[in-house]
Amino acid sequence: MDFTIALKKREVEQAAALQAKLQLQDISLYESEAAGAGPPLRAVEPVRLSAELDSEVNHRDSAGVDFAVTLRVVCDDPLAFHIEATFLARYRFADQSKTVSKGELEAFRKSHAVLAVWPYLREFVQTIAARMGFPTEPLPLLCLVLSRKA
């Protein structure tokens with residue numbers, strides 16, 4: 001994972017349009033799983049992780065939208081463990097009479113919702129890995145960039 005979210009200009013505009021209609025209510029842990037081969041028997045340097053990030057609309061009604069953002073982290077060498085966590089970002093409509101397009105939801109799902117949840121995912125992975133006895137480098141910050149493609 002390169003920790004960059006690339007959006008086309010139209011997607012940036014759609015996500016911003018939906019952002020103006022929503023208010024973030026809360027972010028909470030929805031589900032998690034962690035497993036490993038046990039902590040190392042000797043001191044080791046922090047290990048590199050491979051990560052996969054995903055998001056989806058979990059629930060939508062006239063009151064608001066819930067986005068589920070999932071991070072799967074795996075370390076295969078020299079230690080073996082994985083951590084998966086899903087956080088739910090609950091947004092409520094500021095004005096329930098306004099309509100939301102599928103394009104706005106899609107653009108917001110893969111950008112703003114992920115950016116809102118990312119600090120919680122980073123902290124969760126770092127804390128769980130440490131409690132499992134696995135030294136890791138902190139996950140980097142996410143970067144939102146304008147894609148050069150139209």
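Listed by chain and residue number, Leu18, Tyr91, Phe93, Phe108 satisfy the side-chain contact (heavy atoms from CB on, under 4.5 Å) test with Leu22 (two or more places apart in sequence, or in another chain).
Across all non-hydrogen atoms, the minimal contact from Pro135 to Glu45 is CG-O, 3.9 Å. When all heavy atoms of Gly103 and Gln14 are compared, the closest pair comes out as O-OE1, 3.4 Å. What you find for Gln23 and Ala94 is that their closest heavy atoms are NE2-CB, 4.1 Å. Smallest separation of non-hydrogen atoms from Ala107 and Glu11: CB-O, 3.3 Å. For the residue pair Leu105 and Arg60, the shortest heavy atom distance occurs at CD1-NH1, 3.3 Å. Summarising the geometry of Gly36 relative to Met132, their closest heavy-atom pair is N-CE, 3.7 Å, with the distance given to 0.1 Å.
The CG atom of Leu71 sits 9.0 Å away from the CD1 atom of Ile83 when rounded to the nearest 0.5 Å. Interatomic distance, OH of Tyr120 versus CZ of Phe87, reported as 8.5 Å (0.5 Å rounding). Note that CG of Asp54 and NZ of Lys110 are 12.0 Å apart. Values are rounded to the nearest 0.5 Å. Interatomic distance, Arg90 CZ to Asn58 CG, rounded to the nearest 0.5 Å: 8.0 Å. For the atom pair CG of Leu115 and SG of Cys143, the computed distance is 9.0 Å after rounding to the nearest 0.5 Å. With values rounded to the nearest 0.5 angstrom, Asp66 atom CG is found 11.5 Å from Glu56 atom CD.
Aromatic ring centres of Trp118 and Phe3: separated by under 6.0 Å.
No side-chain heavy atom of Val73 sits under 4.5 Å from any side-chain heavy atom of His82. Residues Glu84 and Ser32 fail the side-chain proximity criterion, which asks for heavy atoms closer than 4.5 Å. Looking only at side-chain heavy atoms (C-beta outward), Leu7 and Val145 stay at 4.5 Å or farther from each other. Contact check for Val12 versus Lys8: no side-chain heavy atoms found under the 4.5 Å cut-off. You'll find the side chain of Leu139 stays beyond 4.5 Å of the side chain of Phe124, heavy atoms only. When side chains are defined from C-beta on, Ser111 counts as touching Leu144, because their heavy atoms get closer than 4.5 Å.
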Inset, instruction - Report the C-alpha separation of His59 and Val65 in whole Å, then their side-chain angles, then the decisive distance to 0.1 Å, and conclude whether the side-chain contact (heavy atoms from CB on, under 4.5 Å) test is met. - result: CA-CA 6 Å; His59 177 78; Val65 184; over 6 Å; no
Inset, instruction - Go through the steps to decide whether Arg92 and Asp26 satisfy the test salt bridge (Lys or Arg N to Asp or Glu O under 4.0 Å), and finish with yes or no. - result: CA-CA 10 Å; Arg92 295 299 160 247; Asp26 63 64; over 6 Å; no
Inset, instruction - Evaluate the criterion side-chain contact (heavy atoms from CB on, under 4.5 Å) for residue pair Ser55 and Phe67; output intermediate values, then yes/no. - result: CA-CA 7 Å; Ser55 64; Phe67 297 92; 5.9 Å; no
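The backbone N or O of Thr136 lies less than 3.5 Å from a partner atom in the side chain of Gln126, making a donor-acceptor pair. Lys21 places no side-chain N or O within donor-acceptor distance of the main-chain N or O of Gln96, the cut-off being under 3.5 Å.
At a threshold of 4.5 Å between side-chain heavy atoms, the hydrophobic network of Ile, Leu, Val, Met, Phe, Trp and Tyr places Val69 and Val74 in two separate groups. Note on Leu88: it does not cluster hydrophobically with Val125, by side-chain heavy-atom contacts below 4.5 Å among ILVMFWY residues.
Within the structure, no pair that satisfies the ring pair (Phe, Tyr, Trp, His ring centres under 6.0 Å) test touches residues 10-42, not counting sequence neighbours.
A salt bridge links Glu106 to Arg109: at least one charged side-chain nitrogen sits closer than 4.0 Å to a carboxylate oxygen.
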